[in-house]
Structures are given as C-alpha cells and as structure tokens.
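Computed from a predicted structure; not experimentally measured. Numbers restart at 1 for each chain; the letters A, B, ... are given by sequence-line order, proteins then strands.
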Amino acid sequence: MFAYILRRLLYAIPILIGVNLLTFALFFVVNTPDDMARLQLGVKHVTPEAIERWKAEHGYDKPLLLNAEATGSAQFTDTIFFQHSAAMFVFKFGKSDDGRDIGNEIRTRMGPSLAIALPVFVIGLLANITFALLMVFFRATYLDLWGVVLCVVLMSISGLFYIIAGQYFIAKLWNLLPISGFAGGIDGLRFILLPVLVSVAAGIGSGARWYRTIFLEEIGKDYVRTARAKGLSEIRVLFHHVLKNGMIPILTGAVVVLPLLFMGSLITESFFGIPGLGSYTIDAIQAQDFAVVRAMVFLGSFLYIVGLILTDISYSWADPRVRLQ
Amino acid sequence: MSFMPVILWTDALIFALLAGVLALAWFIRRHDHLRAPWEAVAQRPMAMGAALVLGVFVVIGLLDSLHYRQRLPDSPADKPQYSVEVMSAFDALVGGLRTRQEKTYSAPLAMQLYAMEFVERDGVAVRDYPRLQYGGAHLQHAGDRASDIARRSLAGAAQGALAGLLLFAGLAAWQARRLRLPVGTWLARWRQGGLNWPGRTLVGMLALLLMLGGAMAQLASGYHVLGTDKVGQDVLYISLKSIRTGLVIGTLTTLVTLPLAIGLGIAAGYFRGWVDDAIQYLYTVLNSIPGVLLIAAAVLIVQVYIESNPELFDTAAARADIRLLALCLIMGMTSWTGLARLLRGESLKLRTLDYVEAARAFGVSNARIISRHIFPNVFHLVLIAVVLDFSGLVLAEAVLSYVGVGVDPSMYSWGNMINGARLELAREPAVWWQLGAAFAFMFALVLAANLFADGVRDAFDPRLGGRR
C-alpha cells in the first residue's frame, strides 16, 4: 500500500512538469512578455520604453531559459522559466499584476470557496442519490419514465439560467435571501444558502440520471436476485445491497473532484459575489492577469492529480476485491 | 453580379461536414448491419420528434452559412465595389426582421417604447411612451392591438395547418404508391400506429411546428414578436442568427476532437508499450489542467494574434469567424481526452480477440487491422460520444461568453445575448425578453439534441440492449 502510494506520487511529478512546461510555452513562448505588456498597456500608443519598464516591474525582463550574461548556477536561476514557472513547484506563485502576493490571496480565498463548494458537493450527492433511488424503486413504471424525462429537461437548461432565475425570483421578487455577498461565521449562512440551492438544482438532472444507470446495472446482477429469493423486501434489497454496491463507482467518481472543491466554481462565485478562488480566477481572466491564471492552472492540475491518487486509494478502501500493488 | 459570395472558414467546414454526413448516410444505407440500429432509432417517437426539431435548427443554420456581400449600388459596373457588411441567405429571406430597428427596448408584441420620452401632442410636450416606428405601426388605436394579434396568430396557425395538411396528403399519396396500398388503408395504418416509423408523432410534430412558424411569421410582419434589445434590434432575429453559432460550436468542435481521439485512443490501446505510455501521459497532462483556464489562456493568445495582424481579415465577420473557429479548435483540444480513454480501453480488449489474433498471424499489417477490425468495432462509441457531446458544447458556449473567452462580442450568440442582458433584470420594470429568448432557444436546441442522443445511445449501446 505505502509503496503503491509512493510510486503514484513519483508518477505525478512528470505530469506536473508537463503541465508546467505547457503553461510556460503558452504564456511565454507563444505569447511573449512583449505581447503581454502591449495587452496591458493598450495596443495603440505604446512605446518600447513603456514595454521595457512594464517588463522590468514584473520581472519579465530576463531571458527565457538561459541567462548567458550570468555566471555559475545563476545562468539557469536568473531566468523567467526558473523564477516564474519552476518556482511553482514549491508553491511560490509570485505577485499578480496589481502587486499582491498570489500565494497569500489563495490562502485567504480558499475558505469562502470551500464554504460554497463543500455543501454543494455533499447536499448534491445526497439529493442525486435519493432521486436516483426513487426512480430505481419505481423502475419500469410511468413514474420512472417521467423521472428520466424530467432529468433530461433539467440537464438541458443552461446553468446560467438557474443562477439568474434563482437570484431574480428568490432574492429580488420574494426577498427571501440576499441576492449576493458573503460573511464569515454563522452570519454567513444566509449568504451561502442561495448559491448552494441553485448549484444543487443545476446538477441534479445529469447526476440523478447517471446514478440511476449505475443502480440499474447493479440491480440486474445475480446477488440481487439471490437476495430477493431469500425473501428480502424490495426496500431492504435496495438499501442494503444495491445502494452499498452502487456506492463504489459513485464514491470513487466523487473522490476525484474532492480536492478540486478548493478551487471553487467560477460562475457561481462571480454571480453571487463570493470572494473565493473562482471569482479570483474569473477576475484575472477578464483583467488578463497572466500571473494569476498561470498560478491557478498549476494549482488546479496539482489538486486534480491529488484527486487521482485519492481515487486509487479509495478504490481499495471501498472495494476489498481491489488490491493495490 | 449584384453580390459577391463570401466563404468564411466555418462555412467551408460546415459544408464539408454536411457532405461527409451525407456520404456516411449513403454508405450506411447500403449496408444492412449498419442500417439496423438506425432503423431502431427511427422507431422511437421521442428521438424522431427531436430529430425533426433539430432538422429545423440545422436548416436555419445552413441557410445562415451561405454568406455574400452586396454590391454597392453606386459603384461602376466594370470595377464593382462591395459592402463591408457580410449577409447570409437567411438575412435575405427574413428581410424586414433585420432592418426594422427601433430606438431602444420594447416589450414583446408592444406598440410603444419601453422608456418614457417627451412627445409633442396637441402642441404641448407630454411625457409618454412613444409609439414604435415599426412594431404595431399599422394600428390606428391602441385598443385594436389585442384583436389584431389574435387575428394574425390565428391566420398564421391556420396557414401552417393548411401547409401541414397538404404535406401530409402528399406524404400519404407517395407512401401508399410506394407500398402499393390504397390510400385509405395507409391512412388507417397510420392512425393505428401500424407503420414501421412513428407516423403520428412525426406528423403531429410537423403540424405543430408549421403552425407555430406560421403564427410567428404573421406576427413578425407587424410586430417585434420577442421585443427589441437595447439598441432596438429585433430579439427574434438575434435569437435565430445565434442558431448558427450554437451549431458550429457543437459540430465543428467534435470534428476537431474526432481524429485526435480516434487516432491516439486506438493507437494507445492497440500498440501498448511506450506508445501507450506517451499517449496516456499526454492526455493526463491535458486533463489535469482545468478546462476553462486552458481555453481562457488559448483564447487570450488568439486575441493577441488577431489584434496584431489586422491585415489578414478584410471584414469584421471574417475576424469574428476566425475567433469562432479558434474557439472550436481549442475546445476540441481540451475535450478529446475522454473519448480517447474510452477507445483505448476498448481497443485493449479487442486486440486480444481471436479474429484480431488470426489477422495478425496471417501477416495483415497493423494499419489494415486497425481500419478493418478495430475501428468498425469501436465506431458506435464514437457516434454516441459525438451526439452526447453536442449539447454540452452548446451550453458551454454561454458560460465561456460570460467569462469573456467565448465567441467574438460582435457575433450573434446566445451566450453574448445572456452576457449583454445580465443587468436587464435589475431594471424597473424588468427587461426579461432578451434573456428569456436566449434561454428558450438554447433549451429547445439542447433538449432536442439530448432526446435524440438518448435514442441513438439506446439503439447503439449493446450493454443497454433489452433494458428500458
């Protein structure tokens, strides 16, 4: 087990290096620091001096990979690649274009992101499973058929619609909850209620339908027939046998996204004014702040790989038949 | 010539795709084992109804892909000059819808502007809602509006119903002749659902669509059916123009995805060894980067390129078109990994089967084994992925446009409509029609695509066979 995890961790390193090289190529080679400076300063009316000044201010005035003027190890360390890309491996993200420390920003914004994403994840999972189990319980009846149709209808509605309609009806017309904003502690509960509700509603269509297929696949297996033959009630079969075994693919599918919850949701956070990582990213994209986008790309990939490793571990934990070696 | 045809990049690709689909359909028609699952799809009422709706969207999208530039009327005949505005066959067809522009917002079917203005009345300036320039301009009194609307929608629906009836009569005559039946017998079979296709659903759907279209057309000739937006443009026109953008994103993106996913996925599963390692590494790296961020980064780069090379694009439409194509390419680059992984797993299984082993023992080349034995056996997975991805891509466009990395802001798209109308609900009274129209059109397309995809998946996925 330990050796397996160690090997997976070692395997993760080349992937992170790949992500790092790819982002480096995208942000510094295809799109040179000169282009970035021009974009920031405005395409017209830009002097070469202004570009040089902007590059010097942001530390982009060094050679890309190899500094021929320096001596010794500084040949490699005094470069854009080392200071802006390689530094991310020790989580040194540098400064954003408005001069703030990105690492610090990430630490303070993780909390609000998690305050929304975690309840959405847990409540969403429970709601989807409940809905799916109900459909499976009434399988091959009109209730099941219309449940599936409802799922398809729900998943055909744009996610933006749920947010806009939720804000308009619940917050603006009926004044039940604040339209947007965030506060810490117990006071913040009324702020997170609406975004959580909206996000769960937006995800229930595709989620419940997918879980229904998983449960249906499980219910056709032999052990379920045996359980029924023993005379167990349908409810007992469903909850004791089908649910437990169906949870294996569901849980392992959910574990992958668990670390990514830290990243928050771009759209939800920006609509509801949550000061989390999602709205931070969207602001950075709109302000074309490449330093922040680069940091978020690295962070996202890192968390995704953590999720992959956790998935493998959870497999062996949830399903004793799986042995890690 | 009074116009110059313009072939944008996406136009060319759309028509190439259409040709490809038609060729594939012709190929499938001639092979019984390929035709069988499609015949199963054709028997599902829900899937066929959805296909009809999709067909309407596709026709509008195709008409909107025939672009041209009008000749300027005062330019000399030997050296003609053309307008910089790129029009499409669809624009020419709907005519007035495009040109009848009001001053600013007006509600659906309204005859007055949304905002109050000072208007001259009997020599005094009063603050009132001014009449629209085009919407309901034919009416003498405001009181006539309700009856006029009712009359127009009824007349339109009746025309639609008549057209539907004529089409149905033609269909019945043709089908009866083809099957060598008396028309009465065919009609009885149709009524009882005894045909081998869902006749009642399709005819009912067609009649409904024709009636809706007729009513819309009648109303649109005198009113703005879905109101007007901030600059007074007809919302119905914008929504219809957005169809092409949605279809392009849904189809061309998959077109980019397919060669990568099929080639790399099968290669990884079939060759194994270092090829497999390299391809798996590639898609894990791409997969681990959050999709929106990768798209955002790439779109920003494309934007810089377009801005620094303005001489490559002669019209605004060409510039917007390149950005749309780039968006498709980028979304394709980020979304091929799922299908590739699926195909890799399937090829891993297939390569150990006896007939593949036998082919290898006979010395058949790898390329031939893949094209003759592996690819045909994973084709159903590709098809299912294509139809399932379509709706997700259409929805993604709206989100990306909101983030600011979607299609060009000057392009008609539902995402841009939503993005532009974000703050309109906060107005007093709320301006809901632009948001509503964008969501309704998107919903109709995505729902039809989802229902059709379900039918295709049920017919093609052998694992689902028999269940449901």
Side-chain angles (χ1 to χ4, degrees), chain A residues 11-12 14-19 21-23 26-27 30-31 35-36 38-39 43 140 145 148-149 152-153 155-161 164-165 167-168 172-173 213 216-217 220 260 263 266-267 270-271 281-282 284-286 288 290 293-294 296-305 307-308, chain B residues 46 281-282 284-301 303-305 307-308 391-392 394-399 401-405 414-415 418-419 421-422 425-426 430 432 435-436 438-440 442-451 453-454 463-464 467-468:
Chain A
Y11 181 64
I15 293 174
L16 276 177
I17 292 177
V19 170
L21 288 177
L22 191 69
T23 43
L26 272 179
F27 286 104
V30 181
N31 205 7
D35 290 331
M36 266 191 275
R38 237 172 265 136
L39 208 65
V43 180
L145 178 72
V148 175
V149 172
V152 177
V153 169
M155 64 189 263
S156 301
I157 299 173
S158 167
L160 296 175
F161 178 80
I164 292 176
Q167 277 190 330
Y168 183 69
K172 187 160 179 264
L173 276 192
T213 0
L216 276 185
E217 205 153 298
L260 285 173
M263 299 283 286
L266 296 184
I267 302 298
S270 123
F271 263 98
T281 314
I282 217 170
I285 293 174
Q286 275 160 0
Q288 303 182 326
F290 289 97
V293 174
R294 225 165 41 225
M296 297 315 285
V297 166
F298 188 79
L299 189 66
S301 320
F302 175 76
L303 292 174
Y304 175 81
I305 291 166
L308 283 185
Chain B
M46 202 101 94
Y281 174 71
L282 183 67
T284 318
V285 167
L286 274 179
N287 233 359
S288 70
I289 300 177
V292 184
L293 287 177
L294 194 59
I295 293 170
V299 167
L300 289 180
I301 287 162
Q303 221 170 320
V304 170
Y305 176 77
E307 272 171 25
S308 50
S391 47
V394 175
L395 290 177
E397 185 269 329
V399 172
S401 292
Y402 173 80
V403 179
V405 293
W414 294 314
I418 295 167
N419 195 18
R422 246 191 299 167
L425 279 183
W432 51 269
L435 275 177
F439 281 129
M442 203 153 58
F443 175 66
L445 176 61
V446 172
L447 182 64
N450 273 335
L451 289 176
D454 266 11
R463 282 191 313 158
L464 290 171
R467 213 171 44 229
R468 276 174 67 109

Asker: Counting only non-hydrogen atoms closer than 4.5 Å, does Thr281(A) touch chain B with its backbone (N, CA, C, O), its side chain (CB onward), both, or neither?
Answerer: side chain
Asker: Would you say the ring centers of Tyr402(B) and Phe271(A) fall short of 6.0 Å from each other?
Answerer: yes
Asker: Look up atom OG1 in Thr284(B) and atom OH in Tyr304(A), then write down how far apart they are to the nearest 0.5 Å.
Answerer: 7.0 Å
Asker: Check whether Tyr168(A) reaches the backbone of Ala430(B) with its side chain - one donor and one acceptor, N or O, closer than 3.5 Å.
Answerer: no
Asker: Quick check: closest heavy atoms across Ile285(A) and Ala296(B), and the distance to 0.1 Å?
Answerer: CD1-CB, 3.6 Å
Asker: Contact between Asn450(B) and Met155(A) at the side-chain level, heavy atoms closer than 4.5 Å - yes or no?
Answerer: yes
Asker: With a 4.5 angstrom heavy-atom cut-off, is it the side chain or the backbone of Phe439(B) that approaches chain A, or both, or neither?
Answerer: side chain
Asker: Given Met46(B) and Val149(A), is the side-chain contact (heavy atoms from CB on, under 4.5 Å) satisfied, shown in steps?
Answerer: CA-CA 10 Å; Met46(B) 202 101 94; Val149(A) 172; 3.8 Å; yes
Asker: Is it the side chain or the backbone of Ile15(A) that comes within 4.5 Å of chain B heavy atoms, both, or neither?
Answerer: both
Asker: Looking only at non-hydrogen atoms, find the nearest pair between Met296(A) and Pro290(B) and report the distance.
Answerer: O-CG, 4.5 Å
Asker: Show, in sequence, the C-alpha distance, side-chain angles and deciding distance for Leu294(B) and Val297(A), and conclude whether the side-chain contact (heavy atoms from CB on, under 4.5 Å) test is met.
Answerer: CA-CA 8 Å; Leu294(B) 194 59; Val297(A) 166; over 6 Å; no
Asker: Identify which part of Ile282(A) has an atom lying under 4.5 Å from any heavy atom of chain B, answering side chain, backbone, both or neither.
Answerer: side chain
Asker: Please classify the contact between Ile418(B) and chain A as side chain, backbone, both or neither, with a heavy-atom cut-off of under 4.5 Å.
Answerer: side chain
Asker: Heavy atoms only: give me the nearest Pro14(A)-Tyr281(B) pair and the separation to one decimal.
Answerer: O-OH, 2.7 Å
Asker: Counting heavy-atom pairs under 4.5 Å to chain B, which of Val293(A), Leu16(A), Ile157(A), Leu303(A) comes out on top?
Answerer: Ile157(A)
Asker: Pick one of side chain, backbone, both or neither for Leu308(A), based on which atoms fall under 4.5 Å of a heavy atom in chain B.
Answerer: side chain
Asker: Of all the heavy-atom pairs spanning Ile305(A) and Ser288(B), show the shortest one and how long it is.
Answerer: CG1-CB, 4.4 Å
Asker: With chain A, which of Val299(B), Leu445(B), Leu286(B), Asn287(B) has the greatest number of heavy-atom pairs at distances under 4.5 Å?
Answerer: Asn287(B)
Asker: By a 4.5 Å heavy-atom criterion (distance strictly below it), what part of Leu22(A) contacts chain B: side chain, backbone, both, or neither?
Answerer: side chain
Asker: Determine the option with the most heavy-atom pairs under 4.5 angstrom with chain A, choosing from Val285(B), Val394(B), Val399(B), Leu395(B).
Answerer: Val285(B)
Asker: Contact part of Leu435(B) toward chain A, heavy-atom cut-off under 4.5 Å: side chain, backbone, both or neither?
Answerer: side chain
